[in-house]
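A short write-up of the structure that comes next.
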Amino acid sequence: MADVALAARHEVPMSAHDLFDLFGAQAGSSWLFDARCDAVIPGAPVTLSVPVGPVGGDPIELLGRISRCIPGRVIEIVHDQPWQGVLTIKLTAVDARTTRVTVMANLDERGLAWIMRRRGWPHDLSEDPSVHRVGLLTSNSGPGAVYTVACEHLAQLAVDEINTEGGLEGRRVELVVGDDATDPGRAALEARHLVAAGCRVIVASVTSASFEAVRRAVGKTGIPVIHPHINEGGRIDDQVVRWGERPIHQVRAVAQSVMHSAAGRRWYLVGNNYSWAHGAHRAAKQAIDEAGGEVVASTQVPLGTGDFAAVLEDVESSGADCVLSCLIGSDEVAFERQVAEAGLRSRWETVSLALDESTRERIGNEAARGIWAALGYFQDLDTPENAELLHRYRTRFGRWAPPLSSFSESMYEAFLLYASAVRSSRLDSAAVTTHLHSARAQMPRGLVSSYGPEALQQHLYVARSATDGFRLIRG
């Protein structure tokens with residue numbers, strides 16, 4: 001199927017250079033799709049609100065980065081979410097005070113399929129015995145899209161490597177992707193679609209709320225379901241595997257250093273009001289108490305919150321020295337940007353449990369400066385396996401592909417460990433899951449060892465956000 005080319009033109013009563021300078025300058029008043037970016041330079045992250053649904057419906061956020069720009073003439077944006085593509089904006093001077101804006105986009109088969117599913121059209125896949133299908137359920141849209149931005153790339157890279165090694169049981173492995181839109185109801189529906197398409201496993205890069213919906217939706221099928229990244233733990237079924245970092249270990253790894261840097265021991269906890277933050281806050285209180293700290297206040301806000309003025313006032317009035325954020329995705333971006341905009345970054349030390357490379361760059365280099373993180377993987381880890389992964393990733397997806405992170409690297413691990421389990425278990429689902437309970441391998445993050453269905457032994461690295469990435473404090 002050929003790409004679909006889309007184009008639109010509009011004249012704006014402003015000079016081309018003035019219009020160029022205003023691109024992304026202020027959220028809520030941008031002249032194109034409410035563009036948000038800190039600088040109009042190659043490599044700068046960009047978020048756009050694009051209307052793809054019915055007239056008057058909520059727009060979706062398109063996440064990408066500027067790949068090329070010519071002041072006063074061209075802005076080119078490569079985007080990865082909700083689908084991969086290129087958006088080109090051309091500015092043509094009609095006269096000294098008027099500019100013709102031309103916006104051009106290519107919609108490929110995958111992008112068109114995403115839009116059709118969002119409009120209610122079902123997956124058009126039926127079971128195919130000639131391939132071994134594996135399912136990736138991720139958040140290509142909604143608040144969680146920020147931290148899942150490279151997950152599909154890493155999943156595809158793992159599938160490519162599995163196929164290079166001969167596939168599974170003599171069949172080519174095919175990746176099928178579903179988008180939960182950061183919504184549990186949608187997650188259950190997409191999971192059922194993946195099962196109907198013949199997927200032998202579902203790897204879910206979604207919130208804990210969506211994962212619970214998936215667990216309930218496919219629990220009786222016997223298909224292994226893997227939740228490979230950071231989570232709070234919880235109920236486990238026979239076919240379920242929950243790996244990833246746990247809040248109790250993250251806070252234990254960082255609490256003493258944060259309190260020393262803050263010269264104080266009073267903590268404020270903020271998170272989204274669902275199972276992840278509930279569990280994370282309970283674990284954090286235990287770890288902070290063990291470290292000699294004190295939780296003086298906490299709050300939880302609905303997923304999708306964009307205005308944190310009241311929360312910031314509450315943090316100030318609490319007298320907290322340290323803030324622990326269990327916010328995710330676009331909520332965490334909004335919170336940390338508003339902390340910086342209010343001049344409060346130096347008032348307390350901040351730990352963010354879900355601050356990965358993609359979230360950090362959306363917050364912005366300056367706004368994110370100094371935030372602490374404790375994760376099992378950072379893109380700049382100095383291991384031979386990670387150097388090789390980064391080389392393959394950039395070779396496969398190009399210089400403008402999003403950064404790797406603990407979230408996306410865990411996708412890569414999960415599919416490789418699944419392939420190893422299949423090769424050792426001859427496709428018996430129960431045996432595959434049992435093998436995953438004792439999986440062990442040298443991965444880009446280091447040695448990982450699964451013990452049982454709900455834990456993956458791994459090293460945690462402590463880092464702080466700097467103006468050009470993360471600086472490892474302890475590794």
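Residue indices begin at 1 and follow the sequence shown.
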Subject >> Within the 6.0 Å centroid threshold, strictly below: His459 and Tyr461 >> reply: yes
Original post:
Does the side chain of Asp356 pick up a donor-acceptor pair with the side chain of Ser406 at under 3.5 Å?
Top reply: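 Their side chains do not contain a donor-acceptor pair, so the 3.5 Å distance test is not met.
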**OP:** Verify the distance criterion only: is there a donor paired with an acceptor across the side chains of Thr467 and Glu366 at less than 3.5 Å?
**Re:** no
Are the side chain of [X] and the backbone N or O of [Y] linked by a donor-acceptor pair below 3.5 Å?
| X | Y | result |
| --- | --- | --- |
| Arg396 | Gln156 | no |
| Arg73 | Lys90 | no |
| Ser318 | Ala320 | yes |
| Ser410 | Phe407 | yes |
| Glu357 | Gln379 | yes |
| Ser408 | Cys151 | no |
| Arg186 | Ala181 | no |
| Asp80 | Val149 | no |
| Ser317 | Glu313 | yes |

Subject >> Residue pairs, two or more places apart or on separate chains, that pass side-chain hydrogen bond (donor to acceptor under 3.5 Å, both in side chains) and touch residues 321-335 >> reply: Asn272-Asp331, Ser325-Glu332, Glu332-Ser352
Subject >> Over 12 foreign heavy atoms within 6.0 Å of CZ, Arg345 >> reply: yes
**OP:** May I ask you to check whether over 12 heavy atoms, not counting those of Asp468, lie within 6.0 Å of atom CG?
**Re:**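 Counting neighbours around CG of Asp468, more than 12 heavy atoms of other residues, nucleotides or ligands fall under 6.0 Å, so yes.
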Original post:
Would you call the rings of Tyr147 and His229 parallel, tilted or perpendicular if under 30° counts as parallel and over 60° as perpendicular?
Top reply: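 It falls in the perpendicular class, over 60°.
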Original post:
Can you say whether the rings of Tyr393 and Phe397 are parallel (under 30°), tilted (30 to 60°) or perpendicular (over 60°)?
Top reply: tilted
Original post:
For residues 354-390, which residue pairs qualify under ring-ring contact (aromatic ring centres under 6.0 Å, His included), counting only residues two or more places apart or in two chains?
Top reply: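 For residues 354-390, and leaving out neighbouring residues, the ring-ring contact (aromatic ring centres under 6.0 Å, His included) pairs sorted by first residue read Phe378-Phe470.
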Original post:
Do Glu232 and Arg282 meet the salt-bridge criterion of a basic N to acidic O distance under 4.0 Å?
Top reply: no
**OP:** Could you tell me which residues satisfy side chain to side chain donor-acceptor pair (under 3.5 Å) with Ser49, sequence neighbours excluded, listed by chain and number?
**Re:**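 Side chain to side chain donor-acceptor pair (under 3.5 Å) check on Ser49 returns Arg36.
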